[in-house]
Amino acid sequence: DGAYHLALTLSVNSTLRSLNVAGNRLGSEGDISAWHFSLGLSQNTTLRSLNLDGNNFSDRGAHYLVSALKVNTQIGCLSLLHNQLISELT
């Protein structure tokens with residue numbers, strides 16, 4: 001699963017400041033992909049900008065991302081356009 005490998009990379013990354021994975025359909029593999037990605041994101045300390053447009057994240061997948069962003073407060077710019085989000089993400 002690509003999200004798993006991306007999560008591993010994010011968790012040990014020490015230089016990447018911006019990541020654009022728009023259109024990579026990370027959410028298409030189901031909520032487990034979003035969960036993997038979120039785990040790596042929560043451990044990353046250098047990323048400042050993240051584009052997740054068009055990744056087919058569901059509401060549950062987005063909640064995993066929100067949980068990761070509560071831990072990783074370094075990301076100042078996040079884009080989630082064109083995903084399958086329905087509910088309010090609070």
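No hydrogens, no waters, no symmetry mates; every other heavy atom, side chains included, goes into these values.
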Given 3.5 Å as the limit, does a donor-acceptor pair link the side chain of Asn83 with the main chain of Ser58, or not? no
Tell me every residue that passes side chain to side chain donor-acceptor pair (under 3.5 Å) with Ser42, counting only those two or more places apart in sequence or in another chain. none
Interatomic distance, Asn24 atom CG to Ser33 atom OG [nearest 0.5 angstrom]: 11.5 Å
My understanding is that only residues two or more places apart in sequence, or in another chain, count here; which of them pass side chain to side chain donor-acceptor pair (under 3.5 Å) with Asn20? none
Does Leu39 have any side-chain contact (heavy atoms from CB on, under 4.5 Å) partners at least two apart in sequence or in another chain, and if so, which? Trp35
Got a list of side-chain donor-acceptor pairs under 3.5 Å for residues 71-82, not counting sequence neighbours?
residue : atom : partner : partner atom : Å
Asn72   : OD1  : Gln74   : N            : 3.0
Asn72   : ND2  : Leu41   : O            : 2.9
Asn72   : ND2  : Asn44   : O            : 3.0
Ser79   : OG   : Asp53   : OD1          : 2.4
Ser79   : OG   : Asp53   : OD2          : 3.3

Contacts of type side chain to side chain donor-acceptor pair (under 3.5 Å), residue Ser67, not counting sequence neighbours: none
Reported CD-to-CG distance for the pair Gln43 and Leu8, which is rounded to 0.5 angstrom: 9.0 Å
Heavy-atom neighbours of Arg48 CZ exceed 12 at 6.0 Å: yes
So do the side chains of Leu47 and Leu16 get within less than 4.5 Å of each other, counting heavy atoms only? yes
For Ser11, enumerate each residue passing the side chain to side chain donor-acceptor pair (under 3.5 Å) test, keeping only those at least two apart in sequence or located in another chain. none
Return the CZ to CG distance between Arg25 and Asn56, rounded to the nearest 0.5 Å. 4.5 Å
Would you give the length of the straight line joining atom CG of Leu52 to atom CZ of Phe57, rounded to the nearest 0.5 angstrom? 5.0 Å
Atom pair OH/CG of Tyr4 and Leu26 - distance to nearest 0.5 Å: 15.5 Å
So, do Val66 and Leu69 sit near enough that their side-chain heavy atoms are less than 4.5 Å apart? no
Could you go step by step and tell me if Phe37 and Leu10 meet the side-chain contact (heavy atoms from CB on, under 4.5 Å) rule? CA-CA 8 Å; Phe37 182 78; Leu10 280 175; 3.6 Å; yes
